[in-house]
Amino acid sequence: MKGILLAAICCLFNEAVMAEPSSLVAWTPDTLNRLKKGNAEHGKELSGTCAGCHNETNANPQLDGQLPTYIYKQLVDYKNGNRKDPTTAMNGLASTLSDQDMTDVSAWYGQQAPIQGKGGGNDTTGIVFKGDGKRMEPSCSSCHGYSGQGEKVDTPRLAGQKADYLEKTLLAYKSGVRGNDIYSRMRLIASKLSDQEIKQLADYYSKLD
Ligand code: HEC
Ligand code: HEC
């Protein structure tokens with residue numbers, strides 16, 4: 001009995017020690033103040049490197065009008081390896097950026113007008129505004145906002161984002177390939193969605209303007 005108990009304590013302890021944190025970003029007043037003072041002009045210069053990959057002609061996520069705090073967190077997570085880009089492009093690139101660079105480029109993108117969806121989206125899952133009590137699934141709008149505009153500090157804008165990217169990243173949360181969400185919030189939510197619902201939700205948000 002004692003042995004079993006010891007083994008259990010040992011396992012718990014091991015898990016606590018071994019588990020990788022999902023992110024090293026902490027929203028301290030200091031970090032938030034620094035982000036408010038990002039130099040968008042310097043960020044504009046840096047964005048020249050990003051434009052080839054982040055534009056309307058490919059499947060990579062759009063950054064225009066995204067919350068600067070969210071962009072900054074993702075860049076830090078890529079740099080630290082907490083978020084792994086399957087193509088590794090972002091991990092390589094982020095490792096060349098200083099903390100000031102990440103602050104400034106986030107400020108620049110945050111000031112751009114968001115790309116608008118084409119409209120006509122319907123929530124065919126019923127989850128966007130109501131969630132699903134049977135699965136203990138919260139509504140998406142309770143965090144991402146009524147219009148998918150995102151919320152402070154690190155809940156991203158989804159409205160107008162590319163459908164292929166939204167689907168890909170929701171599937172990545174579901175499988176655990178993407179695990180940089182603090183408290184596993186998105187991993188838990190995505191794990192309860194079918195692949196078909198993920199497709200429908202991606203379609204819905206991509207059409208919002
Ligand atoms: C070689 C192509 C490439 C370049 C250059 C590039 N990116 Fe990316 N970026 C990607 C890909 C691919 C993804 C999606 C990766 C994934 O699924 O995690 C991505 C994802 C991101 C994300 C996450 C977006 C989200 O909605 O979660 C941010 C933020 C980002 N890039 C910022 C930048 C910035 C800033 C630059 C320039 C300093 C840049 N990227 C340059 C390819 C690129
Ligand atoms: C409890 C709050 C919460 C709820 C509810 C929620 N989200 Fe999220 N979501 C977040 C946060 C926080 C992030 C950013 C996590 C990170 O840093 O990776 C996020 C990230 C995302 C992303 C990644 C966007 C990008 O640009 O990479 C998608 C897509 C997404 N959520 C879709 C949804 C959908 C669809 C629902 C409803 C089924 C939903 N979320 C419900 C908090 C929430």
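Read the numbers this way: they start at 1 and go in the same order the structure lists the ligands and their atoms.
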* So is there a nitrogen or oxygen of Y205 less than 3.5 Å from a nitrogen or oxygen in ligand 2? -> no

* Answer yes or no: is there a side-chain heavy-atom contact under 4.5 Å between I189 and P138? => yes

* Do N60 and Y165 come close enough that some side-chain heavy atom pair is under 4.5 Å? -> no

* Just which atoms of ligand 2 are under 4.0 Å from any heavy atom in T155? -> 10 (C), 12 (C), 42 (C)

* Classify the angle between the aromatic ring planes of F129 and Y146 as parallel (below 30°), tilted (30 to 60°) or perpendicular (above 60°). => tilted

* Structure fact -> One finds that the ligand 2 atoms under 4.0 Å from a non-hydrogen atom of N180 are 17 (O), 18 (O)

* **Geometry at atom 8 (Fe) of ligand 2 - M186 SD versus H144 NE2 angle, rounded to 10 degrees** => 170°

* Using heavy-atom distances, let me know which of D154, D181, T125 sits nearest atom 14 (C) of ligand 2. => D154

* Same hydrophobic cluster for M90 and L97, using side-chain heavy-atom links shorter than 4.5 Å among ILVMFWY? -> yes

* Do any pairs count as a salt bridge (charged side-chain N to carboxylate O under 4.0 Å, His left out) and have a residue in residues 90-114, sequence neighbours left out, and if so which ones? -> R34-D99

* Can you measure from NE2 (H144) to CG (L208) and round to the nearest 0.5 angstrom? => 12.0 Å

* Can an N or O of K73 be found at a distance shorter than 3.5 Å from an N or O of ligand 2? -> yes

* Asked: Would a 4.5 Å heavy-atom cut-off, applied to side chains only, mark K174 and L193 as touching?
  -> no

* To do: Considering the heavy atoms of I71, write down every atom of ligand 1 situated less than 4.0 Å from one of them.
  => 29 (C)

* Structure fact -> Under 4.0 Å from one or more heavy atoms of R83, ligand 1 contributes atoms 16 (C), 17 (O), 18 (O), 23 (C), 25 (C), 27 (O)

* How does P138 reach ligand 2, if at all, at less than 4.0 Å between non-hydrogen atoms: by side chain, backbone, both, or neither? -> side chain

* Any idea which atoms of ligand 2 are less than 4.0 Å away from a heavy-atom of L166? -> 29 (C)

* Could you give me a count of protein N/O/S atoms that are under 2.8 Å from atom 8 (Fe) of ligand 1? => 2

* Sub-4.5 Å side-chain heavy-atom contact between T124 and D203 -> no

* Which ligand 2 atoms does R178 reach within 4.0 Å, using its non-hydrogen atoms? -> 16 (C), 18 (O), 23 (C), 25 (C), 27 (O)

* Measure the distance from atom 17 (O) of ligand 1 to every protein heavy atom, then report the residue, atom name and distance (to 0.1 Å) of the closest one. => K168 NZ, 3.2 Å

* Atom pair OG/CG of S98 and L46 - distance to nearest 0.5 Å -> 8.0 Å

* Asked: Which one holds for D77 and ligand 2: side chain close, backbone close, both close, or neither close, with close meaning a heavy atom under 4.0 Å?
  -> neither

* Asked: For T49, is the nearest heavy atom under 4.0 Å from an atom of ligand 1?
  -> yes

* Could you tell me if any non-hydrogen atom of Q74 lies under 4.0 Å from any atom of ligand 2? => yes

* **Nitrogen or oxygen of S142 less than 3.5 angstrom from that of ligand 2** => no

* Asked: Looking only at heavy atoms of S139, does any of them come nearer than 4.0 Å to an atom of ligand 2?
  -> yes

* To do: Below 4.0 angstrom from a heavy atom of L75, which ligand 1 atoms are there? Numbered from 1 as shown, please.
  => 32 (C)

* **Close N or O approach (Y70, ligand 1; < 3.5 Å)** => yes

* For ligand 2, which atoms sit closer than 4.0 Å to a heavy atom of T169? -> 23 (C), 27 (O), 29 (C)

* Run the numbers for me: atoms of ligand 2, each under 4.0 Å from some heavy atom of I189, listed by number. => 3 (C), 4 (C), 5 (C), 6 (C), 38 (C), 41 (C)

* Measuring from C140:SG to Y205:OH, what's the distance to the nearest 0.5 Å? -> 4.5 Å

* Less than 4.5 Å apart, any side-chain heavy atom of Q74 and any of N180? -> yes

* Check the pair E197, R135 against salt bridge (charged side-chain N to carboxylate O under 4.0 Å, His left out), reporting the backbone distance first and the verdict last. => CA-CA 14 Å; E197 285 172 321; R135 284 182 269 177; 2.9 Å; yes

* ligand 1 contacted by M102 (non-hydrogen, < 4.0 Å) -> no

* Quick one: pull up NZ in K207 and CD in Q161 and give me the separation to the nearest 0.5 Å. => 15.5 Å

* **Proximity to ligand 2 by part of L158, non-hydrogen separation under 4.0 Å** => side chain

* With a 4.0 Å cut-off on heavy atoms, is R157 touching ligand 2? -> no

* **Cluster overlap L171 with L158, hydrophobic side-chain contacts below 4.5 Å** => yes

